[in-house]
J.: 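Handing you this structure, nothing more for now.
Whatever order the structure lists them in is the order used to number ligands and atoms, beginning at 1.
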Amino acid sequence: MPINIFSSSDETIKALARFFIETAGKAIEERGVFNVSLSGGSSPKKLYELLAAEYGTAIDWSKVCFFFGDERYVPADHPDFNALMATKALFDPLKIDAAQVFAVDTTLDPDSAASAYMEAMAAHFKTTPIRLDLSLLGLGDDAHTASLFPHTPVLAEKQATVKSVFLTDKNVYRITMTAPLINQSRQVAFLTFGPSKAAAVNRVLKGEKNIENYPAQLIDPEDGLVSWFLDESAASQLA
Ligand code: 6PG
């Protein structure tokens, strides 16, 4: 499991952008398409902006299909909607066709939004298992990833699917790919930076196996590679 540590968040993001483009180029060459799942939150915004600003001609972006590892159950025009952040940072600047973007339909009820998303993925991939070429993931201070939060029922889900999950402490619903679905990815890349993540990074990578407390430990593709892109502060507790 490559753990790449960089001097700053900017250097970390630059390295992940290079990795993204390299992975995309290989997928397009081998299979004619690059199916990537984007992560939400604040960390990846600069990555998406960098890809749009510096790599607009590096690959054939018309061959890229975008999915989301998770989505907040809010209207599509809500500032917390992950697909809206990606649209502003990446899709609009690169003039990505709407047909290449698979966003969660939060006009449906949470369970229907999750099952509709899974149906859309299945229709796109046509064959099973659904194998994303790359799943980008972040890491929360509490060691969650996607919307796989500590002590939530979705952690026990054995199906490679998409589920809704109610977060009682935040009183919100989330829609998330399950760990088995993420684990079907050919590659997974965590982007994690900042001192607030140091304890979670150490627990996930070096701590006792405890997926209820550290859900990101669930990410372990059967036939895929997990890479970490960390800055020194997020890696500061790693021995
Ligand atoms: C989301 C993400 C989530 C995120 C972590 C880290 O929808 O919020 O998918 O898993 O990656 O919460 O978020 P930050 O990058 O904002 O620290």
J.: For the residue pair F67 and F102, categorise the inter-ring angle as parallel (less than 30°), tilted (30 to 60°) or perpendicular (more than 60°).
T.: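 Rings of F67 and F102: parallel, under 30°.
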J.: Can you tell me the protein heavy atom closest to atom 13 (O) of ligand 1 and the distance?
T.: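 Answer, as residue, atom name and distance: G41 CA, 4.1 Å.
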J.: With a 4.0 Å cut-off on N to O distance, would you call E29 and K26 a salt bridge?
T.: no
J.: Is it true that S147 and T176 share a donor-acceptor pair across their side chains at a distance under 3.5 Å?
T.: no
J.: I need the atoms of ligand 1 closer than 4.0 Å to a non-hydrogen atom of R174, numbered in the order shown.
T.: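 In order of numbering, the contacting atoms are 1 (C), 7 (O), 8 (O).
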J.: Taking Q159 for the side chain and T161 for the main chain, is one N or O donor matched with an acceptor at less than 3.5 Å?
T.: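 The answer is no, because no donor-acceptor pair under 3.5 Å joins these two groups.
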J.: Given 3.5 Å as the limit, does a donor-acceptor pair link the side chain of S9 with the main chain of F193, or not?
T.: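 Absent.
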J.: Starting from atom 10 (O) of ligand 1, which protein heavy atom do you reach first, and at what distance in Å?
T.: A146 O, 2.6 Å
J.: Under 4.0 Å, counting heavy atoms only: does G69 come that close to any atom of ligand 1?
T.: no
J.: Is any N or O atom of D70, backbone or side chain, closer than 3.5 Å to an N or O atom of ligand 1?
T.: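 D70 vs ligand 1: N/O contact under 3.5 Å present.
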J.: N/O to N/O below 3.5 Å, does that happen between R72 and ligand 1?
T.: yes
J.: Using a cut-off of 6.0 Å, state whether more than 12 heavy atoms not belonging to K197 lie near its atom NZ.
T.: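 Yes.
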J.: Any idea which part of E71 is under 4.0 Å from ligand 1, heavy-atom wise: side chain, backbone, both or neither?
T.: neither
J.: Within a distance under 4.0 Å of any heavy atom of G138, pick out the atoms of ligand 1 and give their elements.
T.: 11 (O)
J.: Using a 4.0 Å heavy-atom cut-off, say whether D141 meets ligand 1 through its side chain, its backbone, both or neither.
T.: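 For D141, no heavy atom sits under 4.0 Å from ligand 1.
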J.: If you count every heavy atom of other residues, nucleotides or ligands that lies below 6.0 Å from K209 atom NZ, does the total exceed 12?
T.: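 Correct, the count exceeds 12.
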J.: With a 6.0 Å cut-off (strictly less than), is the heavy-atom count around CG of D169, excluding the residue itself, greater than 12?
T.: yes
J.: Students should be able to answer this: which protein heavy-atom is nearest to atom 12 (O) of ligand 1, and at what distance?
T.: H144 NE2, 2.7 Å
J.: Name the option, out of A216, S37, G40, that contains the heavy atom nearest to atom 4 (C) of ligand 1.
T.: G40
J.: Looking only at protein heavy atoms, which one is nearest to atom 15 (O) of ligand 1, and what is the separation?
T.: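 The closest one turns out to be S43 OG, 2.6 Å.
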J.: For ligand 1, which part of S147 has a heavy atom less than 4.0 Å away: the side chain, the backbone, both, or neither?
T.: neither
J.: Determine the sole option in I5, L191, T192, L230 for which the side chain to side chain contact (heavy atoms under 4.5 Å, CB included) test with T12 is passed.
T.: L191
J.: Are any of the N/O atoms on G140, whether in the backbone or the side chain, positioned under 3.5 angstrom from an N/O atom of ligand 1?
T.: no
J.: What protein heavy atom lies closest to atom 6 (C) of ligand 1? Include the residue and the distance to one decimal.
T.: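 Protein heavy atom at minimum distance: L139 O, 3.5 Å.
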J.: Can you tell me if Q237 uses its side chain to pair, donor with acceptor, with the backbone of V201 under 3.5 Å?
T.: no
J.: Identify the protein heavy atom lying closest to atom 17 (O) of ligand 1, giving its residue, its atom name and the separation to 0.1 Å.
T.: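 I find the closest protein heavy atom is K197 NZ, 2.7 Å.
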